[in-house]
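Within every chain, numbering begins at 1; the chains are lettered A, B, ... in the order of the sequence lines, protein sequences first and strands thereafter. Quick caveat: nothing in here was measured; it's all calculated off a predicted structure.
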Amino acid sequence: MIKKVLVANRGEIAVRVMRSCREMGLTTVAVYSDVDRTAMHVRYADEAFAIGPSPSAESYLRMDKIIDVAKKSGADAIHPGYGFLSENAAFAELCEQEGIAFIGPSPFAIKTMGDKITARKTMIKAGVPVVPGTTEPIKDTKTAIEVINEIGLPVMIKASAGGGGKGMRLVKTEKEIINAISAARSEAKAAFGDDAVYIEKYISSPHHIEFQVLGDKHGNVVHLFERECSIQRRHQKVVEETPSPILNHEVRMKMGADAVAAAKAVNYYGAGTIEFIVDDDLNYYFLEMNTRLQVEHPITERVVGVDLVKQQINIANGMELSFRQEDLKQHGHAIEVRIYAEDPDNNFMPSPGIIKHISEPLGLGVRHDGYVYEGYEIPIYYDPMISKLIVWSESRDEAIARLKRALYAYKITGVKTSIPYLHRILEVPDFVKGRYNTHFIEENKEYLQPKQNCVDQCMEVAAITAFIDYINKLEQLQPARPDKHLGNNWKDLGRKRSVLRY
Amino acid sequence: MIKKVLVANRGEIAVRVMRSCREMGLTTVAVYSDVDRTAMHVRYADEAFAIGPSPSAESYLRMDKIIDVAKKSGADAIHPGYGFLSENAAFAELCEQEGIAFIGPSPFAIKTMGDKITARKTMIKAGVPVVPGTTEPIKDTKTAIEVINEIGLPVMIKASAGGGGKGMRLVKTEKEIINAISAARSEAKAAFGDDAVYIEKYISSPHHIEFQVLGDKHGNVVHLFERECSIQRRHQKVVEETPSPILNHEVRMKMGADAVAAAKAVNYYGAGTIEFIVDDDLNYYFLEMNTRLQVEHPITERVVGVDLVKQQINIANGMELSFRQEDLKQHGHAIEVRIYAEDPDNNFMPSPGIIKHISEPLGLGVRHDGYVYEGYEIPIYYDPMISKLIVWSESRDEAIARLKRALYAYKITGVKTSIPYLHRILEVPDFVKGRYNTHFIEENKEYLQPKQNCVDQCMEVAAITAFIDYINKLEQLQPARPDKHLGNNWKDLGRKRSVLRY
Amino acid sequence: MPYEIKINEHLATVDLLSREGSSYLIAINNKVYELDAIEVERGVYSILSDNRSFNIELVAGKDSKSYIVNTQYDSFNVKIIDAETKYQMNRRKDIGEDDNMIVSPMPGKVVRILFKEGDKVKAGETVIIVSAMKMESEYKVKQDRTIKRILVKEGDSVNSDQPMVIIE
Amino acid sequence: MPYEIKINEHLATVDLLSREGSSYLIAINNKVYELDAIEVERGVYSILSDNRSFNIELVAGKDSKSYIVNTQYDSFNVKIIDAETKYQMNRRKDIGEDDNMIVSPMPGKVVRILFKEGDKVKAGETVIIVSAMKMESEYKVKQDRTIKRILVKEGDSVNSDQPMVIIE
């Protein structure tokens with residue numbers, strides 16, 4: 001049985017994994033890059049080991065160093081979190097060879113699902129619907145053009161080895177074809193070292209809906225229902241919710257069964273996610289499988305009532321799943337938003353820096369998964385996500401109201417954040433109605449523009465507050481000189497009351 | 001319909017009520033005493049009005065001032081929270097007269113349930129089981145002795161007008177009778193201005209289990225299951241959980257039906273709580289009704305999935321309950337602990353003061369209802385509760401593990417808190433097994449003693465850290481003088497890294 | 001003594017009329033506010049004005065007279081203009097305005113420079129690309145401009161607020 | 001130069017052997033620790049010692065040499081003893097030890113004084129009752145004592161750390 005877990009990650013997910021480890025009585029080991037010495041995962045862990053310079057290629061992606069720390073610390077398992085080495089089959093294999101439990105799926109499952117074309121073939125064989133398109137990687141432009149003519153426009157060109165939107169091109173008209181193919185191929189080459197692409201029918205008005213699955217090493221696989229992730233900016237999810245506002249019970253059950261079939265096709269064990277693309281008529285197609293924990297897993301945890309990290313660890317321990325499909329139900333509605341250190345009013349420019357002040361939202365139905373603290377400097381080397389705010393309520397409407405209330409109380413100064421932008425999303429009529437697809441952000445640009453909410457009084461009070469701070473500070477700098485112009489009744493008592501008591 | 005709510009309270013409950021108001025789109029009005037100008041409820045509200053000096057008798061208990069603010073601000077409803085005016089029938093009546101909605105039960109229900117003897121009679125009439133004892137207030141010692149002889153020892157003497165443990169005496173042997181009666185009567189006189197007492201059979205090994213009820217103004221009443229509140233120190237609840245570890249389905253349903261009958265007996269509307277005393281054989285007796293929201297209401301909200309404050313407001317709006325009894329279910333297990341500003345290792349001495357630093361626990365299954373912030377001074381005038389930590393999990397065992405994990409991450413400096421003491425409670429075998437009654441704290445004194453958990457290394461690291469801070473501060477005070485004894489390689493870079501970056 | 005104050009692009013006159021403890025009587029553009037202001041957390045003020053409750057966050061700007069002021073939903077740049085500031089503002093005009101520089105707002109790495117000194121660029125064209133936090137940011141010009149000087153080269157690390165390109 | 005340091009009731013010798021950046025080599029009672037110490041939040045240090053991670057909170061004591069140090073589950077009183085402190089400790093002995101005073105640890109109100117000056121009190125008896133935060137606290141003596149002086153009267157407000165009764 002696992003006793004000591006090395007978490008090969010940083011940020012909120014490292015802390016989140018360690019929380020579940022702590023609840024299970026397991027010792028935790030953190031690894032950290034130079035810039036992360038003061039990061040929360042180092043402070044939260046029982047033990048911490050330095051693994052090199054700040055760029056992740058020299059630290060968090062260095063398998064040798066991580067295995068080395070596992071041995072030195074006596075960790076008997078490694079949790080990879082998401083990103084970094086989490087979907088690296090070679091790393092999973094290396095752990096196996098070194099006798100360290102990899103808390104994740106088998107190298108075979110990672111490999112099969114990691115290659116989009118192999119995954120597609122496997123799904124076709126398993127009877128899971130896929131988007132019409134090529135089954136073989138295309139390595140030259142001529143074949144690509146032939147295939148596109150066969151499928152019919154619009155089509156999407158995607159890097160075979162890709163992810164995260166890199167090497168992707170939408171082609172709507174004939175004259176774009178050649179440029180799009182060569183652009184996609186060169187981007188794929190640069191990003192993944194492989195210029196193979198594949199071509200798919202493009203679904204206009206697509207919904208991105210994914211199913212959480214859990215499988216054990218005894219062949220049992222269940223799904224934990226869906227997550228609606230259609231609100232994306234540059235292929236990055238911004239808001240996720242469950243249940244999906246567009247699914248009905250019948251389609252949900254059919255998609256769930258297909259998700260289970262997809263996982264079973266690769267003898268999947270661990271936590272994984274089957275991503276589907278769904279059109280307005282609720283036709284759905286397998287998109288890809290993420291063979292790891294997802295950023296947005298908390299909404300599933302909240303609605304289904306299962307701690308997914310604990311399940312991952314139990315599965316890695318060889319235990320059987322403690323529930324069957326029919327034991328699982330969806331209760332109420334959960335929404336997650338991702339708070340980034342970025343400036344939404346300035347082209348989403350990343351905004352690293354020192355957190356000067358933070359007030360976290362509290363109360364009924366609010367979960368907050370973060371890792372920053374006052375005085376912490378968000379480094380420039382990694383993803384600028386600060387935290388995830390997850391709310392739950394009985395109904396979707398109440399969940400939206402609760403999320404607004406939580407965002408209202410969530411204050412961070414020192415860095416710019418996406419909080420005002422998230423607020424605006426929640427006000428967009430299409431979102432309120434639950435009628436949106438992956439074009440949501442693009443189609444609602446107008447609504448998402450920064451609006452000055454407060455005028456007159458509010459702006460004047462803002463200016464006056466700065467002025468008061470200025471004259472107070474001035475006063476403190478000149479304690480001996482009585483400032484006659486500062487008005488009457490200047491009393492010690494008053495002065496004491498108006499300065500911060502520390 | 002209610003549009004603007006005055007919250008006639010302070011601390012965590014005022015903020016908690018305002019959160020639900022905000023989610024419902026209602027404007028909130030805070031009232032505050034002199035010392036509470038900087039309190040969170042003032043900061044969180046849309047509007048705030050001063051109502052007088054710090055002692056609550058001159059501010060939060062002044063009905064005239066509160067009604068005055070309601071009129072000035074145009075508030076159409078008042079939420080009293082718990083404590084203060086929440087169970088004051090005269091205040092509820094005054095609101096009614098002034099045309100302001102009192103978010104709570106009718107004056108009649110408050111009055112009937114507020115007097116223990118009237119309540120008892122009403123329950124007997126309604127067929128709800130009560131503890132064997134007197135039905136009339138006893139005003140002289142002679143009658144008291146007669147009654148005690150009739151009921152048989154052991155008995156409990158209680159102040160008729162009382163609450164909170166004042167004017168209560170347990171009598172186990174005959175020779176204690178006379179002293180106990182006169183002590184209880186004089187204490188009752190001093191505390192409540194009324195020396196009437198009543199006498200009840202004393203249940204040894206008692207469990208305190210209460211049922212949450214909700215009634216609307218159309219005669220519908222439901223219960224939202226129980227809360228187990230047996231862990232009490234000096235009659236103050238310390239830990240609450242739901243479901244109760246000792247109830248079974250049959251008794252739960254019977255008690256729930258009796259709770260509903262009790263509420264119906266006073267035409268109850270609003271949120272209320274029926275407290276029962278339960279013996280080891282699951283015989284149960286009506287103890288009293290609290291005609292307000294309870295401190296421990298969040299565990300019910302979590303397990304049943306209902307926002308009780310919103311229900312209160314809907315009921316005050318004259319709406320019918322949106323669910324029937326059969327719609328309500330218990331999901332999983334919730335535990336609440338109350339964090340007080342007190343020194344558990346020094347006779348629970350209150351510890352008011354300035355919050356120097358606070359780290360709140362986050363993550364899966366954790367709800368935190370607080371009101372303090374860094375730099376806030378906990379005043380001496382009110383209850384020293386800082387916050388409530390509520391955890392949920394599928395199972396009781398996992399909920400305990402999660403609570404430990406949350407307490408582990410919950411850090412407050414500046415004031416002493418009950419956090420270490422709560423930690424110890426969670427380790428007591430009787431608690432772990434769920435086998436405890438109201439004598440828990442008394443019977444487990446040994447387990448609850450402060451233990452030095454860390455020895456050797458930990459203590460030495462503590463000392464060294466203080467030493468490092470000391471030499472660093474010394475260094476900063478003497479920037480010009482090179483301190484030769486401070487070792488080699490004293491470099492600017494190093495110095496920068498080891499001081500706080502703000 | 002009235003002060004001039006700049007709020008985003010607006011100029012206003014602010015005057016402290018009187019003060020007692022945390023109560024202030026302040027005129028802004030001749031409109032008088034009576035308010036109670038207390039710094040409750042580091043950089044966070046609780047303001048009561050006409051019984052309305054505001055939480056205002058102040059973040060220090062480039063100097064002790066500049067603030068970023070956050071209200072519930074908005075953010076303002078506020079600058080107190082005293083004699084020294086006025087002098088500096090006049091002086092700055094002589095050596096070229098801020099708008100004539102492309103400045104890196106955060107630490108990062110120069111990925112590409114698309115023009116050379118002397119080139120003419122059209123409104124909306126990208127001049128320089130900087131990478132930070134796994135993302136590339138493109139810096140464009142808003143009007144037709146000429147590249148005057150380039151202060152960095154591709155591959156350079158840049159700090160926050162470091163001028164990279166001077167345009168005119 | 002080694003310092004003496006008092007941890008609760010224990011005395012120890014602490015010596016800084018060397019330091020580089022945030023890395024310290026420190027001997028405590030001749031046991032050598034190599035550790036990395038960074039103040040990550042105001043008053044909170046992150047310590048890595050032998051790869052174990054500690055979060056240590058320091059709360060300022062009565063003077064700059066006194067600390068309350070909180071580790072995960074424990075709290076220690078730590079005092080750095082320099083020459084000045086030693087002098088004061090010796091001096092204090094002459095005018096009576098701390099134990100000879102009953103001091104109010106927080107602001108409150110004197111509810112009752114149960115003895116008068118000159119009275120003899122037995123171990124465990126309550127001398128004075130102070131009310132604060134809706135609760136009454138009884139202050140008892142641990143051994144048989146005599147009331148020497150009473151510095152407050154019933155109804156008085158007291159501040160934190162205010163001496164109320166001197167006993168001997």
Side-chain angles (χ1 to χ4, degrees), chain B residues 341-343 345-353 356-357 359 374 378-384 408 411 413-414 416 420 423 450-454 457-474 477 485-491 493-500 502, chain D residues 1 3 5 7-8 10 12 14 16-26 28-29 31 33 35 37-45 47 49-50 52 54-60 64-65 67-76 78-80 105-108 132-135 137-138 160:
Chain B
E342 63 186 15
D343 185 356
D345 300 343
N346 186 14
N347 203 26
F348 296 91
M349 189 88 75
S351 175
K356 297 225 170 103
H357 181 262
S359 293
E374 276 179 30
I378 298 180
I380 62 161
Y381 298 96
Y382 317 108
D383 186 85
Y408 173 86
K411 305 281 183 196
T413 56
K416 299 264 182 189
H423 244 297
K451 279 177 276 290
Q452 185 137 319
N453 291 285
C454 91
Q457 212 198 351
C458 176
M459 183 157 128
E460 288 173 354
V461 169
I464 288 172
T465 307
F467 175 67
I468 287 174
D469 189 74
Y470 175 74
I471 58 173
N472 281 345
K473 301 256 152 85
L474 208 66
L477 289 174
H485 67 272
L486 279 180
N488 51 3
N489 281 311
W490 180 273
K491 281 182 194 137
L493 176 76
R495 198 158 148 201
K496 258 171 82 183
R497 269 197 71 197
S498 65
V499 298
L500 191 55
Y502 262 91
Chain D
M1 192 189 72
Y3 281 76
I5 198 162
I7 316 150
N8 290 349
H10 310 280
V14 185
L16 175 66
L17 303 178
S18 78
R19 167 175 177 173
E20 186 164 355
S22 60
S23 288
Y24 296 79
L25 206 62
I26 288 176
I28 181 161
N29 285 344
K31 192 167 153 194
Y33 278 87
L35 38 76
I38 300 183
E39 189 179 2
V40 288
E41 299 179 72
R42 230 173 271 275
V44 183
Y45 275 79
I47 307 282
S49 164
D50 203 16
R52 284 187 61 193
F54 298 89
N55 291 284
I56 312 268
E57 296 169 348
L58 300 182
V59 183
S64 63
K65 293 154 207 154
Y67 293 93
I68 299 156
V69 184
N70 298 327
T71 59
Q72 186 55 47
Y73 296 106
D74 297 303
S75 194
F76 302 96
V78 176
K79 194 167 174 63
I80 317 289
M106 65 188 152
M133 296 183 104
K134 291 172 64 185
M135 227 193 85
S137 303
E138 303 185 349
S160 73

Measuring from atom [atom1] of [X] to atom [atom2] of [Y], what distance do you get when rounded to the nearest 0.5 angstrom?
X        : Y        : atom1 : atom2 : result
D/Ile56  : B/Cys458 : CD1   : SG    : 6.0 Å
B/Lys473 : D/Ile80  : NZ    : CD1   : 11.0 Å
B/Thr465 : D/Phe54  : OG1   : CZ    : 8.5 Å
B/Glu374 : D/Glu41  : CD    : CD    : 7.5 Å
B/Asn472 : D/Glu39  : CG    : CD    : 8.0 Å

ask   = Quick one: do the B/His357 and D/Glu57 side chains pair a donor with an acceptor below 3.5 Å?
value =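 Result is no, nothing qualifies.
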task = Would you mind telling me which of D/Leu16, D/Val69, D/Ile26, D/Ile5 makes a side-chain contact (heavy atoms from CB on, under 4.5 Å) with B/Ile464?
result =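 Looking at D/Leu16, D/Val69, D/Ile26, D/Ile5, the match for B/Ile464 under the side-chain contact (heavy atoms from CB on, under 4.5 Å) is D/Ile26.
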key: Per-residue contact mode, B/Pro450 against chain D (heavy atom under 4.5 angstrom)   =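 Contact with chain D is absent: no heavy atom of B/Pro450 under 4.5 Å.
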query = Between B/Phe348 and chain D, which part of the residue has a heavy atom less than 4.5 Å away: side chain, backbone, both or neither?
reply =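 For B/Phe348, backbone heavy atoms alone lie under 4.5 Å from chain D.
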Considering non-hydrogen atoms only, spot the tightest contact between [X] and [Y] and give its length.
X        : Y        : result
B/Phe467 : D/Tyr3   : CE1-CD1, 3.4 Å
D/Phe76  : B/Ala462 : CD1-CB, 3.8 Å
D/Ala37  : B/Ile468 : CB-CD1, 3.7 Å
B/Tyr408 : D/Gln72  : O-NE2, 2.9 Å

Derivation of the side chain to side chain contact (heavy atoms under 4.5 Å, CB included) call for D/His10 and B/Met459 = CA-CA 10 Å; D/His10 310 280; B/Met459 183 157 128; 3.1 Å; yes
Interface moiety of D/Leu35 toward chain B, non-hydrogen atoms closer than 4.5 Å =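 It is the side chain, since no backbone atom gets that close.
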message = Under the rule for side chain to side chain contact (heavy atoms under 4.5 Å, CB included), what residues qualify as partners of B/Asn347, not counting sequence neighbours?
response =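 By the side chain to side chain contact (heavy atoms under 4.5 Å, CB included) rule, B/Asn347 matches B/Arg234.
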task = Among the options B/Pro352, B/Ser359, B/Pro420, pick out the one with the most heavy-atom pairs lying under 4.5 Å from chain D.
result =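 Looking at each option in turn, the highest pair count goes to B/Pro352.
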task = Return the set of residues passing side-chain hydrogen bond (donor to acceptor under 3.5 Å, both in side chains) with B/Asp343 (not counting sequence neighbours), or none when no residue passes.
result =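 B/Asp343: no side-chain hydrogen bond (donor to acceptor under 3.5 Å, both in side chains) contacts found.
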message = If we define contacts as heavy-atom pairs under 4.5 Å, which of D/Val44, D/Ile28, D/Val59 has the most with chain B?
response =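 Of D/Val44, D/Ile28, D/Val59, D/Ile28 has the most heavy-atom pairs under 4.5 Å with chain B.
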